[in-house]
Amino acid sequence: MESTDFLVPGDIQTACRHLDRLGAQAHLLAGGTDLMVAVNLRRLFPERFICLGDCGLATVSVSNGKLAIGAAVTISSIIKSDLVMQNAPLLVDACRTMASPGIRNAATIGGNVCNASPAADGAVALLALGAEVNIVSSSGEHSVAIEDFFTGPGQTILGPNEIVTGFNIPLRQAGVKWGWSKLGQRKAEAISIASAAICLSLENGKCRGVRIALGAVAPTPLLAVKAAEMLEGEAPEAGLVAKVAEKASDGTSPIDDIRASAWYRRQIVRETVSRILGDIS
Amino acid sequence: MAMLELKVNGIAHQVAVEATTTLMEVLRDKLMITSPKMGCNTGDCGACSVLLNGELIRSCITPAMAANHKEVTTLEGIAPAGELDPIQKAFSDNHGTQCGFCTPGMIMAAKALLNENPKPSKLEIKEAMSGNLCRCTGYKKILESVEAASAEISGRS
């Protein structure tokens, strides 16, 4: 019997048609590890789900010089993927610090991004990696840079009839350095108090293509553009690294919450950016 | 409504569910399989852990329909009736149960680990058990129980 309340489309076009027809009556469901928490806490009352598990979005591949990760790839699959390890090890580092095995087996990278938590570890890593977000609707496909995807806590540019199908990440070039740092209240199963992901290339001792991404210190995962610009074309010597870390910290707009104060988060950003840059350069 | 068809511990079931009904609700309230415990109901504590097609998951935040046409294994299904799985025996022998509430989830997490990696390091055991909370706050005997089970299982094979 085909259920009308729990739709499991077999391809993405069918998923789009369901979404066009049902609109706000239906919620898109991936691993459910964020969505079902909201349901159990009585914050969300969905009547219908469109489950994206069987739409062919759970693959990892390399094509056209990009690493393509489907939105329905689980966090566990990313950790185990040789292709991701070779081409975007930063994402593996971030995924290893997310939640715990039982959640990582269900949670997806697409869900992590679309839930749009400012603390989303996967989103912060993808931001540093310069990922593109692939979006589809019944009227076509398009891609946006991930820094243009988030608009606020839990908010994205995604239209009511649009679905994220996956992410394209530039392949790791020789000489690329990266670092990931997450501070939580414990090592496992903690939401980030603050996180940082940095990617850069060292060419003849000078930094190129610097991307510094920060989590849980702004309304969205944050790209520290001005701090990265200071390092661009420069040698990462200690004095400059300290200034870059200060700039990254100044550019945040954290809040006080149950996990930490805004003041503490700023200190953590300065310290972790400084440590990562010290370690990788 | 939706009709869920699943196998639990080898037995096929059909259950009418809502879209938001969780797998834990089906197991506990419809099928009376009560080893998955409701601790937090938000995916934090791991007391509701079961295997879905062999993979460790949280049944409290898994929509029941996500288990449609799949196989669920709970603590009740890891050993024949009247016998103990080596992990259960190790928890019993090493006093890993303590108050017992977290034990089914702990054993399922250990089961998922040892199925894949019969001889894990101490660090791998800690990592595998990292999503399961014990509010007796005594993890030492739990970790020792998993180590003992690993020795028993890998010694036999």
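Numbered from 1 within each chain, the chains take letters A, B, ... in sequence-line order. Heavy-atom basis, side chains included; hydrogens, waters and symmetry copies ignored.
- The only member of B:Leu23, B:Asn41, B:Thr42, B:Ile61 that meets side-chain contact (heavy atoms from CB on, under 4.5 Å) when paired with A:Met36 is B:Ile61.
- Atom CZ of A:Arg172 sits in a crowded spot, with more than 12 heavy atoms from other residues, nucleotides or ligands closer than 6.0 Å.
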How far apart are the C-alpha atoms of B:Thr20 and A:Phe49, what are their side-chain angles, what is the distance that settles it, and do they pass the side chain to side chain contact (heavy atoms under 4.5 Å, CB included) test? CA-CA 8 Å; B:Thr20 54; A:Phe49 285 130; 3.9 Å; yes
Set out, in order, the CA-CA distance, both residues' side-chain angles and the distance that settles side chain to side chain contact (heavy atoms under 4.5 Å, CB included) for B:Arg58 and A:Ser100, then state yes or no. CA-CA 10 Å; B:Arg58 313 287 221 213; A:Ser100 63; 3.4 Å; yes
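- At a 4.5 Å heavy-atom cutoff, the contact between A:Leu29 and chain B is made by side-chain atoms alone.
- Taken from CG in A:Asn40 to CD in B:Glu25, the straight-line distance is 7.0 Å, to the nearest 0.5 Å.
- Around atom CD1 of A:Ile191, no more than 12 heavy atoms belonging to other residues, nucleotides or ligands sit under 6.0 Å away.
- Interface check for chain A: of the options B:Gly43, B:Gly46, B:Pro63, the most heavy-atom pairs under 4.5 Å are formed by B:Pro63.
- Within a 6.0 Å radius of OH in A:Tyr264, no more than 12 heavy atoms belonging to other residues, nucleotides or ligands are found.
- Top candidate by heavy-atom pairs under 4.5 Å with chain B, chosen from A:Asp34, A:Thr33, A:Ile103, is A:Ile103.
- Using a distance-only test at 3.5 Å, with no hydrogens or angles considered, a donor-acceptor pair links the side chain of A:Asp5 to the main chain of B:Met1.
- Rounding to the nearest 0.5 Å gives a distance of 10.5 Å between CD of B:Glu127 and NZ of A:Lys187.
- Annotation for A:Arg186: atom CZ counts as buried by contact number, over 12 foreign heavy atoms lying within 6.0 Å.
- Annotation for A:Phe6 and B:Ala19: closest pair CD1-O, 4.0 Å, computed over non-hydrogen atoms.
- Neither the backbone nor the side chain of B:Ser49 has a heavy atom closer than 4.5 Å to any heavy atom of chain A.
- B:Leu133 touches chain A through its side chain: at least one heavy atom from C-beta onward sits under 4.5 Å away, while N, CA, C and O do not.
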